[in-house]
Amino acid sequence: MTAGLEIRNLYKSFGGLKVAQDINLDLKSGDRKALIGPNGAGKTTFANLITGILHPDSGSVRLNGVDISGFKESKRVKAGVAKTFQITTLFKSMTVRENIRLPILEREGKSQHWFGRAERFSAIEAEISKILAQFNLLKFEETPVRDLAYGQQRLVELALTLALKPRILILDEPAAGVPSADSHMITDALERLPDDLSVLIIEHDMKLVFKVASKIVVLVNGAILTEGTPEDISQNQQVRDLYLGAQHEH
Amino acid sequence: MEADIIRHKPAKRLGGIFSRRILLDICLISAAIAFFFIFPNNLGFMTRVLVMIIMVLSLDLVLGYAGVATLGHAALFGSGAYAAGIFAVYISANPLLGLVVGALAGAIIAFFSGLILMRATGLTLLMLSIAVAQVLFELVNSERDLTGGSDGLLGIDMDPVLGLYAFDFYGKTGYWYALAVLVVVFILLRVFVASPFGLVARGIHASPERMRAIGTPVYWRLITIYTLAGGIAGIGGAVSAQVTELVSLESLGFNLSAEAMIMLILGGIGRLYGAIFGTVIFMTVHHFAASVDPFNWLFVIGILVLLVVYVVPEGVLGLPEKLRKHLGMAK
Ligand SMILES: Nc1ncnc2c1ncn2[C@@H]1O[C@H](COP(=O)(O)OP(=O)(O)OP(=O)(O)O)[C@@H](O)[C@H]1O
Ligand SMILES: [Mg+2]
């Protein structure tokens, strides 16, 4: 049995558009990998193929030796694969506290109780408080998420996903849209992720990538161009050309 | 260490809201009791209001809490009504057994139609839910021998409730019976919406994508919620069959589904009290406007709905909050 995630020969097309072409990737326990590439390269699609939001045309996704390609999204989450969304996807009308309560109830198999108040489990409530404190969100616990600043919403997105206690965490542009004055909140949070968690971070901000990742994978037109250490990648001429080109679009 | 310091403190406002709710509950129950004595000649109408509240509460669970818009809720209500009616005619006229049969019928129809409906969203779902009710309507219409077809199901003669209280010509027993069932349903729903599963329903409403991403099989949760709502609507239908000792095809009709939706929007979706106020307002306006002008009463309802949608989209229950905000700004 291999610990971690093993992705082999993944293919996916949307009609004629090939968004994943023979992608192979390993993510071992504690790995910190970044996935970079220009807009439309297929990064989000790749993440969705791993979490089960999308299903590949062919290829396999194995988690700790078990083929999870056929699993539905909810089952993959239970198996330990979680992701944050590029576009914040939260329970906007609910309080921050409720946003964290839901994933923990689900994780603990308590989400189907019909009787008794949702907030009656003291261990769960203590865990919520602990998570919120870690992310400096405790003072907003009773605030509806829609009333938070965007940077804080990104933190809730991260806190909510970590509340699932995943083994594999995929972060789809965690700092996207966050004003630069607030981006340190995200960076701080990412630097404090648990050591044994395997992380795949999709990100355009190279400073953030260099801070968090020890390996970088470059995806172009749905195929992996190269994989290497941050030093390798920053010196790779092909990648530099690509990124200078892409930078102009922003 | 951190965990020791940070203990969960329950929201302070909770106590206030809680006691205010109980106050409102007491007011509503008192009003329901008072109306019995103040309007002894309108018991039939008031009983219909109570039955309709059960139906609209059920719709609120699906539309207001889980955020699933359907236009075929009469399918569930009517199934309960016909099942309870047929059960009373052919098997047993015990009212409480009839309630169980009505609840089961509504739940079963909801479960099986839900298998199809809960895969759909938006307009497709609206159309499919109308179709389900229409299919049942035609089925009941064609099975004349069992259902009475377009003449309605006749020959129901209920036993006394608990062997003690016979249904009387004036509808006194019927009123208390419907009120008692409504109170029980309301309490059950109140417990449900505050439970973890209630939070799941709201979560699906707020973001189905996020629910799936935290590992919730959204489709099956929706089917469970729809089945529960079916049981409740079925109970409403059963009460209606029992107190009027008649089931007509209208109980499966599109009008009923549409009116239930309007009542809920009037009162405010996603809050149980909205179902109560919306239904009372709609049916009272209907009752009086229709007696003044039987042909144009819908005009009044139409204006009312327009007003609500434009002025307080949250429904009548949103009014106090809105007023408070306005007054706060004026200061
Ligand atoms: N559901 C879909 N149906 C059809 N085409 C899609 C779908 N989702 C994405 N695409 C297309 O697939 C390509 C890859 O999209 P994807 O979102 O994976 O890119 P990305 O690398 O995440 O880009 P970005 O950096 O802008 O987030 C794009 O051309 C996109 O338009
Ligand atoms: Mg993307």
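Values below: every heavy atom of this structure, side chains too, minus hydrogens, waters and symmetry copies.
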Give, as side chain, backbone, both or neither, the part of A:Glu106 having an atom under 4.5 angstrom from any heavy atom of chain B. side chain

Other residues, nucleotides and ligands only: do more than 12 of their heavy atoms fall within 6.0 Å of CZ on B:Phe112? no

Ranking A:Lys92, A:Glu98, A:Lys78 by heavy-atom pairs under 4.5 Å to chain B gives rank one to A:Glu98

Which of B:Thr224, B:Leu188, B:Val191 passes side chain to side chain contact (heavy atoms under 4.5 Å, CB included) with A:Trp114? It is B:Thr224

Could you pull out the closest heavy-atom pair between A:Glu73 and B:Glu209, with the gap in Å? OE2-O, 4.3 Å

Proximity breakdown for A:Ile53 and chain B, heavy-atom pairs closer than 4.5 Å: neither

Using 0.5 Å steps for rounding, measure from the CZ atom of A:Phe115 to the OG atom of B:Ser195. 8.0 Å

Winner by heavy-atom pair count (cut-off under 4.5 Å) against chain B, out of A:Thr51, A:Leu160, A:Leu132: A:Leu160

The interface call for A:Arg120 against chain B, heavy-atom contacts under 4.5 Å, is side chain

As an exercise, state the distance from CE of B:Met211 to OG of A:Ser111, rounded to the nearest 0.5 Å. 7.0 Å

What part of B:Arg202 gets within 4.5 angstrom of chain A, counting heavy atoms only: side chain, backbone, both, or neither? both

Is there a donor-acceptor contact under 3.5 Å from the side chain of B:Arg210 to the main chain of A:Thr89? yes

Taking atom CG of B:Leu115 as the centre, report whether more than 12 heavy atoms of other residues, nucleotides or ligands fall under 6.0 Å from it. yes

Compare all side-chain heavy atoms of B:Pro196 with those of A:Lys110 and state whether any distance is below 4.5 angstrom. no

Drop me the distance from B:Leu199's CG to A:Leu105's CG, to the nearest 0.5 angstrom. 6.5 Å

Examine whether an atom of A:Lys83 lies under 4.5 Å from a heavy atom of chain B, and if so say whether it belongs to the side chain, the backbone or both; otherwise answer neither. backbone

Give, as side chain, backbone, both or neither, the part of A:Leu164 having an atom under 4.5 angstrom from any heavy atom of chain B. side chain

